[in-house]
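Report on one structure; see the data block that follows.
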Number of protein chains: 4
Amino acid sequence: MLRAADDLLVERGFAALTMEGIAQRAGVAKQTIYRWWKSKVDILLDTLSEDAREALAWQPGEDDPEEGLKRHLRRVADFFEEPAGQVMRALLGHAQLDEETAASLRAGFLREQRERDVAGLRALLARGDGPGVDERTADRLVDLLLGPLYHRVLVCGEPVDEELVNTTARLVVTLANDAPGL
Amino acid sequence: MLRAADDLLVERGFAALTMEGIAQRAGVAKQTIYRWWKSKVDILLDTLSEDAREALAWQPGEDDPEEGLKRHLRRVADFFEEPAGQVMRALLGHAQLDEETAASLRAGFLREQRERDVAGLRALLARGDGPGVDERTADRLVDLLLGPLYHRVLVCGEPVDEELVNTTARLVVTLANDAPGL
Amino acid sequence: MLRAADDLLVERGFAALTMEGIAQRAGVAKQTIYRWWKSKVDILLDTLSEDAREALAWQPGEDDPEEGLKRHLRRVADFFEEPAGQVMRALLGHAQLDEETAASLRAGFLREQRERDVAGLRALLARGDGPGVDERTADRLVDLLLGPLYHRVLVCGEPVDEELVNTTARLVVTLANDAPGL
Amino acid sequence: MLRAADDLLVERGFAALTMEGIAQRAGVAKQTIYRWWKSKVDILLDTLSEDAREALAWQPGEDDPEEGLKRHLRRVADFFEEPAGQVMRALLGHAQLDEETAASLRAGFLREQRERDVAGLRALLARGDGPGVDERTADRLVDLLLGPLYHRVLVCGEPVDEELVNTTARLVVTLANDAPGL
DNA sequence: GCCTAATCGAGACGGTACGTCATGTCTTTAG
DNA sequence: CTAAAGACATGACGTACCGTCTCGATTAGGC
């Protein structure tokens, strides 16, 4: 059923993603779906957890912090082009329209991802020359790190280009090394 | 009718904002609404144009670039707390779910606002010590300037704090003065 | 406008006969139609008066009563095949659905036509060998004279054949000559 | 739902008989009605089949043909005063306005009723002194038998009086006994 | 190996909103 | 000053999904 929901979202968009449609596509009765999820948003939250966790994971590497950040940001940029990225866009979008979706999304996937991002960022910066950053500082840096990419994708609706990745990465490294001034 | 739509959105949320509801609230026939707008999204696009233009305008000032940026970012942050900001959140959200909404929003309000942002940013930076930035550079800077705020609001669902405003403003000024390395 | 209404009725049927349609077809504003008639039924009543009076008139002749009746009944049968007959069918039909239509139709056209029928029948029978019939008797005979034809057309929806015309005519003449037993 | 439709027709007339009204009166969703019938006419056709079959049935009796005919015609006359008769009037009326209604009505109820009428008439005449009539002749007689009553009710909008019943009955018996001259 | 019980497909049900159509009234505009 | 053009409030249309609810049929598991 997750697969059916996922496919329909990508094929026809969120508006055409109905419980009846998913049921028919999955060859299942509506009631059976309601047994496990209480809405189509709930289904998407599940598919997101399955698919996005790995795609947004911080991969280990031997390079310096700036290079590592670039690598990760490119992964994030690519993620938005994939089906799982479409699901995330849809959920982030729906969270703007519905408080309950927002709460579920933020209490679940987004909170966990934030933790992974903070940890990943700290680990990466620890490999550099500087003193590294504490958890609170890393948390602050995440908005600066991801914000420009999300803005480009969600607000402008354009793909993230290399220049934005590079500038953002360089900038965050600079800030991190200059942490006291943050 | 714009007022009725606006009120209902803020009071009850996007899902409960129906054409029938707007019609009833405005004391107007559904047909009359359809005569002028083809969907509730269309109505919101109109209210956005009316209300958000001024709220997101770059106000003149005598202060230096960094101070000016902070002032503007605080206005942006405040905007998201107002009704007009709710409308914008809703439209940005719906744009993630519906290609047509995305196209309308970006071809209209967002494009114009982007132009105002680029012009405002350039004007502000021109008041500083540095050489200022050309249009293309300013355009690139806008993602970095606004991205963190939008991320905080749309993704995290939290209010923009003073610290984020200050850091972002300082960072963009630094980058601008260091433009060749952008 | 009568012409426009008439044409539309025949072309597309009663359901598709709307005030808006008539106005458009006649190149006239709706309001102008409402100035003269209060409904589409009212318009049809007018076209009926214009067209049906002559088609259902009793034509003079030199033949005997039975022949004369046959002639007249054939005219009635033919009338139902013409556009004016369609109007009459529509109005009689609508009169079953709407008391007001029924009242207008019966107070106007049908009452006058009934008078013409009674007079026509009496004149015809006066040419025969028998003693003729008085007005009340003729009035009673009219249901027997026209009923079978109307039944065939309105209820069965089939055309009136020669046999029905002949039998009905013969029968009414017989009855008329046997008036005391009526 | 048949009951709700029936009641509303009698109470408020055909024009005020709406799918929404029926749904509300029956405490049922519109969609449920559309699941089973495709229009209000379809519903009325069903109520007619249920109610009119018996009211228009030919009842057995021991009397002679003329008396039997009178009995039956009086039943027909009474039928038009009942709710089921209102339904029939409405359907016959609407059949004049709409080809599809006409086709449904004639292919269904009217065809069956015609068969019952032919059979009933033949059975009655077989009880008389004469030779009886064959099926084709009986079919021709039905227009003459029912036409006057229908004319009085549908066209004149007046109740059927005893005189019309008696005259019509006598006349059909006479004709039947004189069948060769038909 | 059978019978009971739970599960699941199918889809009917009472609802709500959709977007469209025609109504009859009204205002505005052009000749 | 009239009449076209058409905006307006109203209300029904027929459709799509919603979330809940019965139905049988089909499995499985406990005896």
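Worth saying up front: this structure is predicted, and the values here are computed from it rather than measured. Chain letters run A, B, ... following the sequence lines, proteins first, then strands; residues in each count from 1. The figures here come from the full heavy-atom set of this structure, side chains too, leaving out hydrogens, waters and symmetry mates.
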Next item on the list: List the steps and the verdict of side chain to side chain contact (heavy atoms under 4.5 Å, CB included) for C/V10 and C/V87.
Entry: CA-CA 8 Å; C/V10 172; C/V87 173; 5.6 Å; no

Check: Which pair of non-hydrogen atoms, one from A/R25 and one from A/L8, has the smallest distance, and what is that distance?
Finding: NH1-CD2, 3.4 Å

Item checked: Distance, rounded to the nearest Å, where C/D42 contributes CG and E/dT23 contributes P -> 14 Å

Side-chain atoms of residues 28-35 of chain D: list all donor-acceptor pairs with protein atoms under 3.5 Å, sequence neighbours left out, distances to 0.1 Å.
unit_1: D/K30; atom_1: NZ; unit_2: D/E20; atom_2: OE2; d: 2.9

Next item on the list: Indicate the ring-plane relationship of A/F80 and A/Y150, choosing parallel, tilted or perpendicular according to the 30° and 60° boundaries.
Entry: perpendicular

Checklist line | Interatomic distance where NZ belongs to D/K38 and P belongs to F/dC13 [whole Å] | finding: 14 Å

Check: When the distance from CD1 of D/I33 to C1' of F/dA16 is rounded to whole Å, what number comes out?
Finding: 17 Å

Note to self: Please compare A/M19 and D/M19 by the position of their nearest nucleotide in DNA chain F and report the one closer to 5'.
What the structure shows: D/M19

Next item on the list: For nucleotides 5-11 of chain E, just jot down a letter per nucleotide in 5' to 3' order: B, S or -, based on protein non-hydrogen atoms under 4.0 Å.
Entry: ---BBB-

Margin query: Expressed as a whole number of angstroms, how long is the span from C/K40:NZ to E/dC21:C1'?
Written below: 13 Å

Check: Do C/L44 and C/H94 come close enough that some side-chain heavy atom pair is under 4.5 Å?
Finding: no

Notebook entry, point to check: What parts of residues 11-18 of chain B reach DNA chain F, counting only heavy atoms under 4.0 Å away?
Noted result: none

Check: Could you give the CH2-to-P distance, from A/W37 to F/dG19, as a whole number of Å?
Finding: 15 Å

Notebook entry, point to check: Nearest-Å distance, CD (C/Q24) to C1' (E/dC21)?
Noted result: 13 Å

Notebook entry, point to check: Heavy-atom count around A/Q24 CD within 6.0 Å, excluding the residue itself: above 12?
Noted result: no

Check: What heavy-atom pair brings A/L110 and A/M88 nearest, and what distance separates the two atoms?
Finding: CD2-CE, 3.9 Å

Item checked: Rounded distance (Å) that lies between atom P of F/dA9 and atom CD1 of B/I22 -> 14 Å

Item checked: Residues in side chain to side chain contact (heavy atoms under 4.5 Å, CB included) contact with A/E158, at least two apart in sequence or another chain -> A/R152, A/C156

Check: Is it true that a side-chain atom of C/K40 and a backbone atom of C/A5 form a donor plus acceptor pair closer than 3.5 Å?
Finding: no

Note to self: Please enumerate all residues that pass salt bridge (Lys or Arg N to Asp or Glu O under 4.0 Å) together with C/E100, with sequence neighbours excluded.
What the structure shows: C/K38

Notebook entry, point to check: DNA chain E: C/G21 or B/Y34, which has the more 5' nearest nucleotide?
Noted result: B/Y34

Note to self: What residues from residues 92-101 of chain B pass a heavy-atom cutoff of under 4.0 Å to DNA chain F?
What the structure shows: none

Check: Pick from D/D6, D/L17, D/L2: which one makes a side-chain contact (heavy atoms from CB on, under 4.5 Å) with D/I22?
Finding: D/L17

